[in-house]
Amino acid sequence: MFSIEHEFDATVVTLVDEGESPLQEDVVVHSFEECITVEQYDPRTDRVHKITFSISQMRDLAAAISLPEGVYSRSGDR
């Protein structure tokens, strides 16, 4: 399950793990004009971990998900 919310300066996507146990904490993706952040709470450390991607890095990640093993370079709009 996931939700999408449009806020003033970002689009927020929350991914909820509904699979088999053990379930993972929600993943929250904030999409800003200049970057994308991915956050997940870690109950072992009681901290939220955040990763920040540039828009170009996120495009590379989205393209890489369906490609076989190898080294690639995207051409076009960066």
Side-chain angles (χ1 to χ4, degrees):
M1 180 177 106
F2 64 92
S3 68
I4 301 171
E5 301 173 54
H6 298 289
E7 297 182 354
F8 173 72
D9 63 344
T11 296
V12 179
V13 176
T14 303
L15 308 172
V16 179
D17 189 359
E18 293 185 301
E20 299 294 321
S21 292
L23 299 177
Q24 298 295 314
E25 296 292 326
D26 294 354
V27 173
V28 180
V29 180
H30 291 87
S31 178
F32 299 96
E33 185 175 332
E34 68 283 351
C35 68
I36 295 171
T37 63
V38 179
E39 299 177 349
Q40 186 176 40
Y41 173 72
D42 183 350
R44 294 171 298 160
T45 61
D46 194 31
R47 296 180 62 194
V48 173
H49 296 278
K50 182 194 292 190
I51 299 172
T52 302
F53 293 92
S54 69
I55 300 301
S56 181
Q57 286 175 312
M58 188 53 78
R59 286 184 184 132
D60 288 348
L61 177 60
I65 288 173
S66 62
L67 292 171
E69 184 176 340
V71 177
Y72 300 88
S73 177
R74 281 188 319 105
S75 61
D77 63 340
R78 276 207 178 246

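These numbers come from a predicted model, not from an experiment.
By the side-chain hydrogen bond (donor to acceptor under 3.5 Å, both in side chains) test, Thr11 pairs with His6, sequence neighbours left out.
Atom CD of Glu7 is surrounded by more than 12 heavy atoms from other residues, nucleotides or ligands within 6.0 Å. Atom CZ of Phe32 is surrounded by more than 12 heavy atoms from other residues, nucleotides or ligands within 6.0 Å.
How far CG of Asp26 is from OG1 of Thr14: 6.5 Å, rounded to the nearest 0.5 Å. Atom CD1 of Ile4 sits about 9.5 Å away from atom CG of Leu15, to the nearest 0.5 Å.
The cluster map of Ile, Leu, Val, Met, Phe, Trp and Tyr, joined by side-chain heavy atoms under 4.5 Å apart, puts Ile51 and Val48 in different clusters. Cluster membership for Val13 and Ile55, using ILVMFWY side-chain heavy atoms within less than 4.5 angstrom, is shared. Cluster membership check: Ile36 does not share its hydrophobic cluster with Val28, using side-chain heavy-atom separations under 4.5 Å among Ile, Leu, Val, Met, Phe, Trp and Tyr. By the criterion of side-chain heavy atoms lying less than 4.5 angstrom apart, applied directly or through intervening Ile, Leu, Val, Met, Phe, Trp or Tyr residues, Val27 is grouped together with Phe2 in one hydrophobic cluster.
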| message | The test is side-chain contact (heavy atoms from CB on, under 4.5 Å); show your working for Asp46 and Tyr41 and say whether it passes. | response | CA-CA 7 Å; Asp46 194 31; Tyr41 173 72; 2.6 Å; yes
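Pairing each heavy atom of Glu25 with each of Gln40, the nearest pair is O-NE2, 2.9 Å. Residues Glu69 and Tyr72 share a closest heavy-atom pair of O-OH, 3.8 Å.
You'll find the side chain of Lys50 reaches within 4.5 Å of the side chain of Glu39, heavy atoms only.
In this structure a side-chain-to-backbone donor-acceptor pair under 3.5 Å is present from Glu18 to Met1.
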